[in-house]
Participant: 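Below you'll find the structure I mean.
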There are 2 protein chains.
Amino acid sequence: MTAEKTLKRLKQPTMYDVAKLAGVSQPTVSRVLNHNKTAVQISAATRQRVLDAVAELGYHPNVIARSLRTQRTGMISLLVADITNSFYHVIARAVQDVARQRDYEVLISNSDHIYSREMHFAEVLSKRVVDGAILVPIHLTDQDLDGFLSLANAPIVVLGQHIQHPNIDVVYGDDEAAMYEAARWMVNERGYREFGFVGVPEDLPPGPRRWRGFKRALDELGLGIDPRFMVMGDFTIPGGEEAARALIRASKRLPRALFVLNDLMAIGVILTLQDAGYRIPDDVAVIGFDNIPESTIVRPTLTTIAQDSHDLGVRLAEVLFERIDNPNITGRRLFRTACQIIPRQSA
Amino acid sequence: MTAEKTLKRLKQPTMYDVAKLAGVSQPTVSRVLNHNKTAVQISAATRQRVLDAVAELGYHPNVIARSLRTQRTGMISLLVADITNSFYHVIARAVQDVARQRDYEVLISNSDHIYSREMHFAEVLSKRVVDGAILVPIHLTDQDLDGFLSLANAPIVVLGQHIQHPNIDVVYGDDEAAMYEAARWMVNERGYREFGFVGVPEDLPPGPRRWRGFKRALDELGLGIDPRFMVMGDFTIPGGEEAARALIRASKRLPRALFVLNDLMAIGVILTLQDAGYRIPDDVAVIGFDNIPESTIVRPTLTTIAQDSHDLGVRLAEVLFERIDNPNITGRRLFRTACQIIPRQSA
DNA sequence: TGATGTAGTGCATACGAATACATGATTTCG
DNA sequence: CGAAATCATGTATTCGTATGCACTACATCA
């Protein structure tokens, strides 16, 4: 009698168990537990009996069953391009904070910039395990997203202006304008007149935009850029290191200042150039983008362009929840966040 | 007729829809789609008709409904203490890789070392949204975990030797032994004989263990430690900076070498000491713990003790899946991973 | 050739909670 | 004081899938 199968997992109590103990019906239990969300009244006596029974049994609602019935999961997902990139940490934390206030869970995934992982993520979406998704699409196209959006009945919000889908909201830092301003600042305030650029392959989202802002400023100022001083990386520190080595290989003389597409690569560039004997910023100045925490760890500290990533995260989450609460919202809504130059030692 | 409510979300097709289109019953569809997991046979003709119907409708199984029926979610969760600490990134990635191979999703959460968040996480567990959990408990006690374990019918695996629960598997890096070896190495190989220690409050898990290993080596070598050279932080870079300032305040003369409980704090210590005019390692040597990527960014590069975090992550995931597959496993199984000294410039 | 398998399929039900509807008890008001 | 309104609760059904069981058709064997 006592020695039942201890190995067998104990079954969780259900609303029926609570109802039986309290001497009421299962729906009554449901109504007591959701009384804030339902208009139905429950007598104080019944409520108390139910609550006592809940406490006695240690009852927890089964989230799966509830989700099946309500068609809501209480979860949103967040796809970041690189979990090791601190830029996304702040965003993730902000998203989680907003979600926590609404009793939502956040499912964080990591694509490592890999297309198939982004696709996999979108597929999970279409199986309806989450009520909505925030993503940072690097490879996913409007077409891909369109397919998933019509399958999934969940809204999508993206970080990055390049997604043009007519029914996906976009939050972005205005990096094109920021690059433009930064280039002018480097010339006018800092006095640099010869630049190099460490970017990413053309088709990767932030690349073309940041390049355009940069190029526009240079054009207006009547400055050109030597093609040998343009190299590409892959957003990571090793990518930056490789890019720096490529620069050195291409020409023993380096440009006076380097714009690097993001901070991680900028750090890689600095470390490699220093190892090769160049002084930063005396021989080569370096400016990055993102203002990640590591930018204050490198020496010299990294001059960079800050996206207000906390704000980005909060907006992303808020915009998504608006859509979740009100599925009738349509259209491509745009939310812009300004960027800001953070002058430090490297440029 | 065509202009139905476009605003209304389209309903996903269900197995019934597929069944109707294929001219079979719903269970048959289920059997076709799960044929690898079920012993039942299906004729080739029927299978093809069903698959065609699936393709035509773009059917996706509803994961929620399946979970309710099977009592499995296909998700595990991972609670890390600090999402900004790179040490956990490698673990997260390793866990995700193992999970991916088994078609499991990983729900990453972040406690920020906050007790209430750890509790919240455990509660989610007990509502059965995941099939198992990996966690890095900082504040959670054996008692807490015991409560949740008996509520949840899901196994728990933890990182960190301090959890002694008789039914929770433990994976850990052998940091006590590593600190012991590192202390001997600092004395015998590097020649330091006067040490300071930057730790964390006594009750926080890795603290006492790492301290014990360190202390044991010093005792054996007949070296003492000046109480003024012992300060505490909170695992973070700002925590390390504050600790360094406390050290300087306590005595203008600093110890010859500093053991710091983890790399993030070690970096904070280095940056602050440098700003205060101390040369690393000439005035003060610093050794950290974890071997996070940032340890190669600081200058001087950080001498540290490496945990094989990829291995830790893989083990954690594998151990968890073993338990998920075989709920009859009981007991506290221990899995140890060795640590390794990584000599760099800071000590 | 009738008893016995076996492959292929449908029927009914269960998972746990939420909700439309029905019902009985109580109050309200003309 | 009787009809209608209101309150409190129960009954029945639903969400989408998996699975035990029943059933048919056909093959197998003695």
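Reckoned from all heavy atoms, side chains included, excluding hydrogens, waters and symmetry mates. The chains referred to below are lettered A, B, ... by the order of the sequence lines, with proteins before strands, and numbering in each begins at 1.
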Participant: Go through D/dG10, C/dG16, D/dT17 for me and flag the one nearest to the A/S25 side chain.
Facilitator: D/dG10

Participant: Just to confirm, is there a sub-4.0 Å distance from OP1 or OP2 of C/dG16 to any side-chain nitrogen or oxygen of A/R66?
Facilitator: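 Answer no for this pair, as no side-chain N or O of A/R66 is under 4.0 Å from OP1 or OP2.
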
Participant: Are A/T73 and A/D131 linked by a side-chain donor-acceptor pair shorter than 3.5 Å?
Facilitator: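 Side chains of A/T73 and A/D131: pair found under 3.5 Å.
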
Participant: By nearest nucleotide on DNA chain C, pick out whichever of B/R69 and B/V24 is the more 5' one.
Facilitator: B/V24

Participant: Considering heavy-atom distances to DNA chain D, does A/A44 or B/T70 have its closest nucleotide positioned more toward the 5' end?
Facilitator: A/A44

Participant: Would you call the rings of A/Y115 and A/H139 parallel, tilted or perpendicular, where under 30° means parallel and over 60° means perpendicular?
Facilitator: perpendicular

Participant: Nearest whole Å is fine: how far is C/dA14 P from B/I64 CD1?
Facilitator: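 In whole Å, C/dA14 P lies 22 Å from B/I64 CD1.
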
Participant: Charged N to carboxylate O under 4.0 angstrom, A/R332 versus A/D142?
Facilitator: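 Judged by the 4.0 Å cut-off on N to carboxylate O distance, A/R332 and A/D142 do not form a salt bridge.
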
Participant: OP1 or OP2 of C/dA18 less than 4.0 angstrom from a side-chain nitrogen or oxygen of A/S30, does that happen here?
Facilitator: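 It does, given that an N or O in the side chain of A/S30 lies less than 4.0 Å from OP1 or OP2 of C/dA18.
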
Participant: So, OP1 or OP2 of C/dC15: does either fall under 4.0 Å of a side-chain N or O from B/S67?
Facilitator: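 For C/dC15, neither OP1 nor OP2 has a side-chain N or O of B/S67 closer than 4.0 Å.
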
Participant: Heavy-atom nearest nucleotide on DNA chain C for B/G23 versus A/A65: which residue maps closer to 5'?
Facilitator: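 The residue whose closest nucleotide sits nearer the 5' end is B/G23.
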
Participant: Are B/D311 and B/R315 close enough, and set up right, to give a salt bridge (charged side-chain N to carboxylate O under 4.0 Å, His left out), and what steps lead you there?
Facilitator: CA-CA 6 Å; B/D311 187 51; B/R315 293 253 194 134; 3.7 Å; yes

Participant: Which of these nucleotides, C/dG16, D/dA18, D/dG10, is closest to any side-chain atom of B/L68?
Facilitator: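 Out of C/dG16, D/dA18, D/dG10, the nucleotide with an atom closest to B/L68's side chain is C/dG16.
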
Participant: Quick check for you: among D/dT19, D/dT17, C/dA17, whose closest atom lies nearest to any side-chain atom of B/P27?
Facilitator: D/dT19

Participant: Using only heavy-atom distances, determine whether the side chains of A/N326 and A/E322 contain a donor-acceptor pair under 3.5 Å.
Facilitator: no

Participant: Do B/D146 and B/H165 pass the side-chain hydrogen bond (donor to acceptor under 3.5 Å, both in side chains) test, and can you show the C-alpha distance, the side-chain angles, and the key distance before you say yes or no?
Facilitator: CA-CA 7 Å; B/D146 190 60; B/H165 189 284; 2.6 Å; yes

Participant: Near DNA chain C, counting only heavy atoms under 4.0 Å, which residues of residues 49-62 of chain A show up?
Facilitator: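 Hits under 4.0 Å, by residue number: A/Y59, A/H60, A/P61, A/N62.
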
Participant: Remember a base hit wins even if backbone is also touched, and classify B/T46 as base, sugar-phosphate or nothing at under 4.0 Å, heavy atoms.
Facilitator: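 The residue B/T46 makes sugar-phosphate contact but no base contact.
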
Participant: Under 4.0 Å, counting only non-hydrogen atoms across every strand here, what does A/Q26 touch: a base, just sugar-phosphate, or nothing?
Facilitator: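 It contacts base atoms.
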
Participant: Considering the terminal five base pairs at each end of the helix from C/dT1-D/dA30 to C/dG30-D/dC1, what angle separates the two local helix axes, rounded to 10°?
Facilitator: 50°

Participant: Between B/Q12 and D/dC15, does any side-chain N or O lie under 4.0 Å from OP1 or OP2?
Facilitator: no

Participant: Looking only at side-chain N and O atoms, does B/D52 offer a donor or acceptor that is under 3.5 Å from a partner on B/Q48?
Facilitator: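 The answer is yes; a qualifying pair exists.
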
Participant: Could you walk me through whether B/V80 and B/I91 pass the side-chain contact (heavy atoms from CB on, under 4.5 Å) check?
Facilitator: CA-CA 9 Å; B/V80 298; B/I91 293 184; 5.8 Å; no

